[in-house]
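Below you'll find the structure, written out as structure tokens, and then a few comments.
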Amino acid sequence: MRRRAVIVMAAGQGTRMKSKQAKVLHAVAGRPMIAAPIESALALGAAPIVVVLGHQREAVEAYLQGAFPGAPIVTVLQAQQRGTADAVRCAEPALEGFDGDVFILSGDVPTLPTARLEALDAAAGEAPLAVMGMRLDDPKAYGRLICDEAGRLIRITEHRDCAPEARLIREVNAGIYRVDARLLFRALGGVRPDNDQGELYLTDLVALAAREGREIAHLILEGEAAADAEGVNDRVDLAAAEARAQRRLIEAAMRAGVTFLDPRRARLEWATRIGPDTVVGLDVTLAGATVIGEGVTLEQGVHLRDTIVADGVHLKPYTTAEGAQIGPGCVVGPFARLREGTALSAGVKIGNFVETKKARLAEGVKASHLSYLGDVEIGAGANIGAGTITCNYDGVHKHKTIIGAGAFIGSDTQLVAPVEIGDGAYVGAGSTITHAVPQEALAISRVHQRNIEGWARRKRLEREEG
Ligand code: UD1
Ligand code: CA
């Protein structure tokens, strides 16, 4: 097989995004757009992957280093954006000595499947130049593919340089190419800025190669495949790309056995994984590296980020979790909030308005109502009454609470950390616990109750006479 390299053009500012952030760092399905062409390049087995950067070079570089450690990525600087041909030219030194096929991709095309690049490769065959095109109902401002009577591509003309009749052409340039390296860098020398923008257009390669009598292949994508090849220039395009990415992720999950009550009303991210026989309710968001097991029920409004959910879990409406682990068969919510470092063992029950943070709850623990459980370890089968608060913060430091297996914490209890409740101990409702409770003991710290006979009646009479 011929060697493959990739050039990703990503130096443009993306003015129409009206953003302080580089366009290619805007996220689609939870990750920067530029990840898509890099993933494709890796799937193509390309090396090197030359990324042409300009605006916010450091930020994009930092992202690439963090997200693709060890990948054969080389970044080059295009200090002034003088056009797509100039961008590719900037990549030339990084490809010195490379002989083979160069795939030229754009940093702002986030939903193109790698399979389309393989299709372009197949369509190209032995041709030294191949162009990916799309047939669109609305050709917008894309460059038009101009063919001769035999249907061979001979030229690409930018929308703004097009005569009115050429504007009617609906076959447009997706801006994605496979070019033989030697042809590419030789022909680039012949590109002149003789166009409406005075820029160096990569698309001129086509006319240059045609003039030399070289074979030029092209592949036309239609329908959904064409939409997947569309680039992002503004926030409207960004939302359209997000919608396409969501549709694809959710369809893949459905084909893998996941039920969505309404596939338009759930949101996944690229790293989300969901097991079969899970049911995803309305307005559910699964973000980051969230992994959902089999037979899980996610009711309306569940919002999870970087959370691991085991088989058979039931998350009731509006449960949110971030950086949590939820063991098999747990039932959580409605309106529960599991924060980072929460780890629930099998069969734990968390009810409404319970917040947990750095909380390890062993098997079968129940905390059914209105609690804050932070920096806490709770032994198997313990019961946490309504309104239990771990007072874990003294204003300077966080302190730990340990609750033994089978302990019973009465309602409206404050556990002032650091403090330890022994196995099987009881804490009476309404207690403020400030020191350790031994195993099997009862701790009770509330004021003794006093009843004053007839007090209410006397008060009422006083008022009526008053
Ligand atoms: C380009 C094509 C057009 C095609 C369209 C597809 C040219 C002349 N035109 O137009 O035929 O239909 O893409 O989206 O190539 N970039 C640089 N440096 C530059 C200029 C651009 O890195 O100096 C990068 C941009 O960041 C972007 C990509 O190249 O990622 C495409 O540039 P853009 O300005 O969006 O090209 P279009 O005008 O859309
Ligand atoms: Ca563009």
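In listed order, ligands and their atoms are each counted from 1. When reading the values below, keep in mind they use all heavy atoms of this one structure, side chains included, and skip hydrogens, waters and symmetry mates.
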Salt-bridge present (Asp108, Lys23; N to O < 4.0 Å): yes
Ion pair check, Lys140 and Glu230, cut-off under 4.0 Å: yes
Per-atom contacts of ligand 1 with Ala174, taking only distances under 4.0 Å to non-hydrogen atoms: 6 (C)
Region of Ala85 that comes within reach of ligand 1 [heavy atoms, distance under 4.0 Å]: neither
Candidate with minimal heavy-atom separation from atom 20 (C) of ligand 1, of Pro37, Gly12, Ala87, Gly83: Gly83
Thr84, any N or O under 3.5 Å of ligand 1 N or O: yes
Pick from Glu199, Arg144, Met9, Glu158: the one approaching atom 38 (O) of ligand 1 most closely through a non-hydrogen atom: Glu158
N-O pairing of Glu222 and Arg135 below 4.0 Å: yes
Tyr142-ligand 1 polar pair, N/O distance under 3.5 Å: no
Nearest option to atom 18 (N) of ligand 1, as decided by whichever heavy atom of Gln81, Met132, Gln78 sits closest: Gln78
Charged N-O contact under 4.0 Å between Asp204 and Arg192: no
Close approach, Ala10 and ligand 1, non-hydrogen under 4.0 angstrom: yes
Backbone or side-chain N or O of Gly143 under 3.5 Å from ligand 1 N or O: yes
Subset of ligand 1 atoms that lie under 4.0 Å from at least one heavy atom of Arg82: 23 (O)
Asp108 neighbourhood, listing ligand 1 atoms whose heavy-atom distance to it stays under 4.0 Å: 27 (C), 30 (O)
Salt-bridge criterion met for Asp121 and Arg4 (N-O under 4.0 Å): yes
Salt bridge present between Glu251 and Arg248 (N-O < 4.0 angstrom): no
Non-hydrogen atom of Thr203 closer than 4.0 Å to ligand 1: yes
Residues Arg182, Asp99: salt bridge by 4.0 Å N-O rule: yes
Contacts of type salt bridge (Lys or Arg N to Asp or Glu O under 4.0 Å), residue Lys400, not counting sequence neighbours: Glu377
Part of Val52 within contact of ligand 1 (heavy atoms, under 4.0 Å): neither
Salt-bridge criterion met for Arg339 and Glu355 (N-O under 4.0 Å): yes
